[in-house]
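Worksheet: the structure to be examined is printed underneath.
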Amino acid sequence: MSAPTITAGAEPMTHRRTLEALSGLLLVLFVAMLSSTVVSTALPKIIGSLNGSQTQYTWVVTATLLTATATTPIWGKLADLFNKKLLIQIAIVVFLVGSVIAGFSQSAGQLIAARAFQGIGVGGLQALVQVAIAAMIPPRERGRYNGYLGGVMAVATVGGPLLGGLIVDTSWLGWRWCFFVGVPVAAIALILLQATLHLPTARRENVKIDYLGASLIAAGVSLLLIWISFVDSSFAWASWQTAAMVGGTLVLLALAVWVESRAAEPVVPLGIVRQHTTALAILGSLAVGMAMFGGAVFLGQYFQIGRGYSPTEAGLLTIPMMAGVLGSSIVAGRLITKSGKIKPYIVAGSILLVAGFALLGTIDHETSLVLVGAAMFIVGVGVGMTMQNLVLAVQNTVSLKDIGAASSSVAFFRSLGGTIGVSVLGAVLARRVSDQITHDLAAAGIPTSGSAGGGSNLNITALPEQVQDIVRAAYGDATGHIFLISAAIGVVGIIAALLLKPITLRTSLDLPDAATSTAVAADAIDGAPAFDQVRVDTTQDGPTPRR
């Protein structure tokens, strides 16, 4: 393989240039998050209008998470090999196309397929924004800028449900505009990135991308999620289908590990994943993803179906959680930049996340909204203190040339945890709701056939008033149970956070050894131009990250 050419001088950009570049990146992140949050409160109406079921409701969310999860490590690896800016723009285009297809869907199945395609772009945006920021800002300073990330997350997560609720409540727009609304925002982000983002790039000839490993990982994860979604409903736990799917998952993932250990350019570098900090951050991200995505995705459904609020009102009711995310990410980010210490904030955030979900686990269809809001706020604070900082802890341990693979590995497992969480909790919720509705209908002397319709429980308005009350109570009461499961899962995140080694974030953009070797090469250039234009040849392997 030929020697790579990388940008010389691993020095951070000026504050002004950083903010200019961040403007486009933050808009990209906003677009990616908006794609999920804008449908969160609208989804009950969307699935109801398409006569979809609870399983399809879950899969509209899961499909995006699944493809985003499967493609995240591929995007991250490509970012270490090719132009990061171009990759971000490609991901935006994929996202745009998926959004348009989703908007024109005529059935729940078509919507799920469109969301799966959209997820490919979302996976790229989630991974590449983190990679681009890591290529511009040293870990110590990155804590301060995480406040901007937290702000975007809060605005997208609060504004998204509100916007989605307004869209579906506005007769002359309709739910399809929940998907169309992101198109102009993404187009603006494309233009802004072209003008403001200038990053050092690594270019290699004869690059070998591990397509086999990526395919095996995607296939293994997909098979696992399909089994989770259908077990105990379409077939029993102890059945040949379970044996085939679980056995197939284990075989595929074992083959993926074997392939990754021998690949020249592995999608998930096992050497990085095995590092102490990275391994624990991955475990923590897996737990946080399962708890956060798996629990929070059903809040909109709880407020609308379980409590009877409109989509717009449901969006307003999620504000406490987003206030917690915004406030904690800004405050914790600035304190981390000031002290350089990151472990105390990850530990505290993990504990608060579990406490918040435990409190949400006590709710039913009559719980005071003050209590629900307080619990959501605590969950938001926990998310704001953990999610970005787990990525930051990993980025601090690797050299600049491996930042893409390392960042995407954490994002991959967080997204994987979220996908599994949504699938598992969605299956649990569907089962409990179905059993409760059947029991309550029988107790009320109402025949189950055609009343609550196992295939379309979410089309509440089409049901008789008495049946509506039974369905709402079932959803409201069952939601608390899945939050308790989220809290139990979150305990794993606390354990991982406690086992992290206390570290002080570095102030250099690259590891000292890597930065020194690059700086020496840069000094040899007479009259070197701007930071993002200088390229020098280094050895093939380059500096290795410190263990």
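Throughout, numbering of the chain's residues begins at 1 and tracks the sequence. Being a predicted model, the structure only gives us computed values, none of them experimental.
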Using atom types as modelled and distance alone, determine if a side-chain donor or acceptor of [X] lies under 3.5 Å from a backbone N or O of [Y].
{"X": "D477", "Y": "H365", "value": "yes"}
{"X": "W75", "Y": "I120", "value": "yes"}
{"X": "Q106", "Y": "F104", "value": "yes"}
{"X": "S368", "Y": "V370", "value": "yes"}
{"X": "K343", "Y": "K501", "value": "no"}
{"X": "T386", "Y": "S350", "value": "no"}
{"X": "R472", "Y": "I305", "value": "yes"}
{"X": "T362", "Y": "L359", "value": "yes"}

Could you grab the distance from atom CD of E313 to atom OG1 of T318, nearest 0.5 Å is fine?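 With rounding to 0.5 Å, CD (E313) is 12.5 Å from OG1 (T318).
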
Rounded to the nearest 0.5 Å, how far does CD1 of I92 lie from CG of L27?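 One gets 8.0 Å once the value is rounded to the nearest 0.5 Å.
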
In terms of side-chain heavy atoms, does Q118 have a donor or acceptor partner in S99 at a distance below 3.5 Å?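 The answer is yes; a qualifying pair exists.
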
For T249 and W227, which I'm curious about, is there any donor-acceptor pair between the side chains at under 3.5 Å? no

When L429, L317, T367, I482 are each screened for side-chain contact (heavy atoms from CB on, under 4.5 Å) with Y302, the one that passes is T367

Measure across [X] and [Y] and return the closest heavy-atom pair with its distance rounded to 0.1 Å.
{"X": "T71", "Y": "T67", "answer": "OG1-O, 2.7 Å"}
{"X": "F117", "Y": "V94", "answer": "CE2-O, 3.6 Å"}
{"X": "I167", "Y": "L173", "answer": "O-CB, 3.9 Å"}

Does atom NE2 of H439 have more than 12 heavy-atom neighbours, drawn from other residues, nucleotides or ligands, at distances under 6.0 Å?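 Incorrect, the count does not exceed 12.
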
